[in-house]
Amino acid sequence: MNQAPAADPETLLMQGRERFAAATSLSELDAAKAELVGRRGALTAVQRTLGGLDEQQRRDLGARINAVRAALAELEAQRRIALTDERDRVVLAAEAVDVTLPARTARRGSLHPIHETMETMVDVMANLGFSAVEGPEVETDWFNFQAMNIPVDHPARGMHDTIYVQPPNPADPPGSVLLRTHTSPMQTRTMLAQGPPVYIAVPGRTYRQEAADATHLPVFHQMECLAVDEGLSFADLRGTLAELCRGLFGPGARIRMRPDHYPFTEPSADVDAWVPAVGDWVELLGSGMVHPNVLHMAGYDPEQVSGFAFGMGVERVAMLRHGIDDLRLFTDNDLRFLASF
Ligand code: DAH
């Protein structure tokens with residue numbers, strides 16, 4: 001083609017009109033443009049013949065070449081706009097969202113039922129003005145037992161079959177450091193750290209030497225509550241417990257209290273809940289008015305302030321709320337169980 005004698009510009013204009021119109025892609029258009037008006041293109045070849053012409057012919061042909069070049073540039077630009085639009089339409093159509101397809105939802109996890117129950121407990125207490133605090137799981141004998149008015153030789157200590165750990169400081173005697181057997185030690189830790197009034201809820205993990213079965217685990221959870229203020233009475237304890245119980249088991253839930261004994265409270269009471277979903281009374285927690293010795297060891301004056309406290313097992317409440325009959329389900333990590341919450 002390069003060898004062929006140069007065509008006249010108007011023929012090239014006709015060719016260009018056809019070639020540009022026939023181009024179905026931007027690369028075909030680029031190729032046609034190069035062949036017609038590029039540096040090695042047909043129109044440029046005509047231009048190169050100008051040198052061999054006389055003045056008048058040169059001016060004449062030059063003007064025609066310029067006119068054709070301008071016309072071709074215009075045609076090429078228009079076709080380019082059309083092809084670019086076309087390409088964008090195709091790309092957008094391919095990327096378009098089909099709103100009729102089923103949604104691809106993210107696979108969401110859910111709270112473990114123990115965690116969810118603990119959060120619910122803390123929420124109910126927060127609505128009553130109690131702040132949530134957490135404490136160490138590795139505890140000293142003093143906070144876990146002695147400050148709770150459980151002396152070294154008290155039979156209650158035998159009751160907690162305690163898991164002891166090696167004291168980090170070799171100067172401390174064996175048996176002085178342990179995994180806390182209840183959340184009660186946070187009573188004294190909190191009172192030592194601040195003055196009255198105290199309104200705290202303490203969710204957390206607790207440990208006892210137990211063989212695992214349907215109703216026992218060596219690692220379990222409790223929530224402790226402590227209120228210390230001027231003039232708190234047993235009526236405040238009862239009202240608080242009734243409210244907590246309704247928060248956990250619904251508006252139809254009720255409580256009843258039975259006298260019991262705990263070294264850290266005087267008087268002490270065990271609390272049963274009427275759980276509507278169960279249709280029966282269920283033993284729920286231990287409670288009482290904070291023993292003067294406990295207040296005293298925490299640096300509070302039992303003549304100035306009084307308090308109430310209670311401690312409840314979280315697993316038991318979770319089982320009652322969800323109708324679960326085997327504790328071990330909580331720790332098996334079976335997704336069929338966990339995904340059902
Ligand atoms: N600490 C007791 C336990 O683990 C529960 C308890 C009973 C806590 C009475 C209290 C209380 O604060 O007043 O069995």
Side-chain angles (χ1 to χ4, degrees), residues 118 121-122 125 128 130 132-137 139-151 154-163 178-191 198-210 215-229 232-241 244-245 255-273 282-295 297-298 300 302 305-317 327:
M118 220 149 45
M121 290 176 168
V122 168
M125 296 313 296
L128 295 172
F130 287 70
V133 296
E134 290 179 293
E137 293 172 24
E139 194 45 286
T140 62
D141 171 88
W142 191 78
F143 278 112
N144 195 81
F145 291 126
Q146 295 190 53
M148 286 289 101
N149 202 36
I150 309 172
H154 195 285
R157 274 186 74 169
M159 261 168 47
H160 305 296
D161 253 352
T162 305
I163 298 170
L178 46 82
L179 300 184
R180 67 180 177 188
T181 61
H182 51 184
T183 41
S184 307
M186 270 311 281
Q187 292 190 15
T188 308
R189 284 189 177 275
T190 306
M191 287 190 280
V198 168
Y199 291 90
I200 53 160
V202 190
R205 210 172 272 138
T206 48
Y207 302 82
R208 289 183 202 175
Q209 196 89 57
E210 305 258 26
T215 54
H216 297 88
L217 284 177
V219 184
F220 56 104
H221 299 77
Q222 287 190 339
M223 185 188 65
E224 186 85 11
C225 284
L226 171 71
V228 183
D229 207 337
L232 287 182
S233 74
F234 205 86
D236 298 307
L237 169 61
R238 191 182 169 92
T240 302
L241 288 170
L244 173 59
C245 205
I255 59 160
R256 72 180 180 198
M257 304 179 87
R258 292 175 285 107
D260 204 328
H261 171 77
Y262 294 98
F264 29 91
T265 41
E266 178 57 35
S268 305
D270 264 345
V271 176
D272 299 333
V282 184
E283 203 180 326
L284 195 60
L285 57 85
S287 70
M289 301 307 292
V290 180
H291 196 289
N293 290 353
V294 172
L295 293 173
M297 278 186 276
Y300 284 19
V305 291
S306 57
F308 63 79
F310 55 89
M312 70 198 304
V314 177
E315 275 78 358
R316 182 166 180 74
V317 174
L327 255 185

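Order of listing sets the numbers, starting from 1, for every ligand and every atom in it. Quick caveat: nothing in here was measured; it's all calculated off a predicted structure.
- Using a 4.0 Å heavy-atom cutoff, M289 is absent from the residues neighbouring ligand 1.
- Listed here is the closest heavy atom pair of M191 and Y300: O-CE1, 3.3 Å.
- A heavy-atom separation below 4.0 Å is not found between M312 and ligand 1.
- The heavy atom nearest to atom 5 (C) of ligand 1, out of those in G311, G307, A269, is found in G311.
- By the 3.5 Å distance cut-off applied to N or O atoms, A309 is counted among the residues near ligand 1.
- Residues Q187 and E224 have side chains in contact (heavy-atom distance under 4.5 Å, counting atoms from C-beta outward).
- Under 4.0 angstrom from ligand 1, the non-hydrogen atoms of F264 all belong to its side chain.
- Heavy atoms of M148 come nearer than 4.0 angstrom to ligand 1 in no pair at all.
- We find that R256 and D272 are joined by a salt bridge, their nearest charged nitrogen and carboxylate oxygen being less than 4.0 Å apart.
- Residue-level proximity to ligand 1 for E266 is absent, since no heavy atom of it falls below 4.0 angstrom.
- Taking 4.5 Å as the limit, every side-chain heavy atom of V317 sits out of range of all side-chain heavy atoms of M223.
- Residues R189 and E139 are paired through a salt bridge, judged by an N-O separation under 4.0 Å between the basic side chain and the carboxylate.
- Residue contacts with ligand 1: Q222 is placed with a nitrogen or oxygen under 3.5 Å of a nitrogen or oxygen of the ligand (distance criterion only).
- The one candidate from F220, F143, F264 that meets the ring-ring contact (aromatic ring centres under 6.0 Å, His included) condition with H182 is F264.
- Of all the listed residues (M186, H182, H291), H182 holds the heavy atom that lies closest to atom 1 (N) of ligand 1.
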